[in-house]
Amino acid sequence: MNGPQDLGGQMGFGPVAPENNEPLFHAGWEKWAMGMTIAAGAMGQWNIDESRHARESLHPADYYASSYYEIWTKALEVLLKRHGFVQPQELDEGRSLGKGTQPKRVLKAENVAAALAKGGPCDRPVAGEPRFQPGDRIRTHNFNPETHTRLPRYARGKLGVIEAVRGGFVFPDSNAHGKGENPQYVYTVVFTAPEIWGDGADPTLTISIDAWESYLEPA
């Protein structure tokens with residue numbers, strides 16, 4: 001979807017200003033936000049793509065007024081309500097008012113380190129051979145879905161060149177909406193800066209993205 005997170009090429013937001021010696025957390029509550037998000041995700045009721053889509057679906061005014069971990073917690077509330085773990089009234093009152101959905105599993109403290117080390121690999125086998133090979137010229141599809149996608153707006157309908165085939169991975173556009181993993185080949189695609197940003201862009205620069213196969217067509 002063309003959500004508030006899709007800021008590539010948008011004007012008026014000012015320069016990116018990296019923070020020197022940035023701490024892992026800027027406040028104690030951010031640790032809790034991260035911990036709750038990981039523990040809730042481990043319950044097994046949703047996947048990482050649905051979680052991303054919940055953040056992207058926040059109202060733009062709310063999204064832009066929120067810090068990084070505020071976006072996480074607001075999206076977590078959406079997911080917990082959607083899957084029946086809490087009711088809106090419980091969030092308003094800050095207390096349990098009844099029994100909600102029972103988790104498929106519970107991440108216990110003694111298992112956190114191992115779970116984080118294991119991660120959540122999304123690579124999958126794909127039947128058949130890749131449609132494209134390094135050096136192939138492609139064009140990305142130009143579409144504006146109301147659902148989740150990982151193809152940014154600035155890279156749609158653009159001519160590029162396949163740089164590498166990265167293997168098969170879960171297709172987030174379907175996985176975010178409970179329609180299956182449907183793995184596809186993923187490619188690194190390179191574009192010239194003028195192709196992406198138009199006249200006046202530095203012709204010596206290139207932009208690379210990782211794109212699922214269904215985003216691409218032969219040029």
Side-chain angles (χ1 to χ4, degrees), residues 1-18 41 46-58 60 63-64 68 71 75 118-219:
M1 61 181 297
N2 297 337
Q5 85 294 341
D6 200 349
L7 284 175
Q10 300 300 302
M11 298 181 179
F13 288 90
V16 175
W46 58 80
N47 57 58
I48 190 172
D49 297 308
E50 184 179 355
S51 181
R52 283 198 181 103
H53 183 60
R55 296 170 197 169
E56 298 166 359
S57 299
L58 295 175
Y63 189 98
Y64 294 141
Y68 182 77
I71 291 171
K118 179 181 179 181
C122 295
D123 54 317
R124 300 288 188 275
V126 179
E129 296 299 314
R131 185 182 183 189
F132 305 103
Q133 293 298 325
D136 287 353
R137 296 178 70 252
I138 59 85
R139 184 186 298 275
T140 55
H141 286 294
N142 189 3
F143 65 127
N144 293 282
E146 295 182 359
T147 50
H148 182 61
T149 185
R150 298 297 295 279
L151 182 62
R153 279 179 293 179
Y154 67 79
R156 298 177 193 165
K158 304 296 184 180
L159 290 168
V161 177
I162 301 294
E163 182 178 70
V165 182
R166 298 301 182 187
F169 291 85
V170 172
F171 186 46
D173 301 40
S174 62
N175 199 42
H177 302 284
K179 296 181 179 180
E181 292 190 342
N182 303 312
Q184 298 181 11
Y185 285 106
V186 171
Y187 305 85
T188 297
V189 184
V190 181
F191 307 89
T192 65
E195 177 67 18
I196 295 293
W197 307 125
D199 294 344
D202 186 341
T204 67
L205 298 181
T206 58
I207 296 99
S208 300
I209 68 168
D210 286 335
W212 275 258
E213 190 167 89
S214 62
Y215 297 163
L216 311 175
E217 61 186 10

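This is a predicted model, so every value here is computed, not measured.
- Proximity of a side-chain donor or acceptor of D6 to a complementary backbone N or O of R153 within less than 3.5 Å is detected.
- Proximity of Y215 to V189: side-chain heavy atoms (C-beta onward) are nowhere separated by under 4.5 Å.
- With hydrogens and angles left out, the side-chain atoms of S208 and E163 include no donor and acceptor closer than 3.5 Å.
- Annotation: side chain of Q184 is in contact with side chain of S214 (closest heavy-atom distance under 4.5 Å).
- Closest of all the heavy-atom pairs between V165 and P134 is CG2-CD, 4.0 Å.
- Aromatic rings from F13 and Y64 are positioned such that their centres are separated by under 6.0 Å.
- E213 places no side-chain N or O within 3.5 Å of a backbone atom of Y185 that could act as its donor or acceptor partner.
- What you find for V170 and P172 is that their closest heavy atoms are O-CD, 3.1 Å.
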| task | Might you work through the side chain to side chain contact (heavy atoms under 4.5 Å, CB included) test for Y187 and R131, ending with a clear yes or no? | result | CA-CA 10 Å; Y187 305 85; R131 185 182 183 189; 4.2 Å; yes
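- To the nearest 0.5 Å, atom CD of residue E56 and atom CD of residue Q5 are 3.5 Å apart.
- Taking both residues in full, the closest heavy atoms of S174 and G180 are given as OG-O, 2.8 Å, listed atom of the first, atom of the second, then distance.
- Residue R166 holds its CZ atom at 13.5 Å from CG of D123, rounded to the nearest 0.5 Å.
- Counting only heavy atoms from C-beta outward, the side chains of I162 and Q133 never approach each other to under 4.5 Å.
- T192 OG1 to K158 NZ: the interatomic distance, rounded to the nearest 0.5 Å, is 9.5 Å.
- By the 6.0 Å contact criterion, CD on E129 is open, its count of non-hydrogen atoms from other residues, nucleotides or ligands being 12 or less.
- Residue R52 comes nearest to H148 through the heavy atom pair CB-CE1, 4.2 Å, listed as atom of the first residue, atom of the second, then distance.
- Taking the side chain as every heavy atom from C-beta outward, I209 and Y154 approach each other to under 4.5 Å.
- Y63 has its side chain within reach of I71: a pair of non-hydrogen atoms, C-beta onward, lies under 4.5 Å apart.
- Looking at I207 and W197, their side chains come closer than 4.5 Å, going by heavy atoms from C-beta outward.
- No more than 12 heavy atoms of other residues, nucleotides or ligands lie within 6.0 Å of CD1 in I48, so this atom counts as exposed by the packing criterion.
- Rounding to the nearest 0.5 angstrom, the gap separating the CZ atom in R139 from the CZ atom in F191 is 10.5 Å.
- A donor-acceptor pair is defined here as one N or O able to donate and one able to accept, closer than 3.5 Å; no such pair exists between the side chain of W212 and the backbone of P183.
- Here the closest non-hydrogen pair linking W46 and S51 is CD1-CB, 4.3 Å.
- Side-chain atoms of N175 do not come within 3.5 Å of backbone N or O of N47 as any donor-acceptor pair.
- Residue A155 comes nearest to I196 through the heavy atom pair CA-CD1, 4.2 Å, listed as atom of the first residue, atom of the second, then distance.
- For the pair E181 and R124, the minimum side-chain heavy-atom distance is below 4.5 Å.
- Side-chain contact between L216 and T140 is present, with at least one heavy-atom pair separated by less than 4.5 Å.
- With a 6.0 Å cutoff to the six-membered ring centre and a 45° limit on the axis angle, R156 counts as a cation-pi contact of F143.
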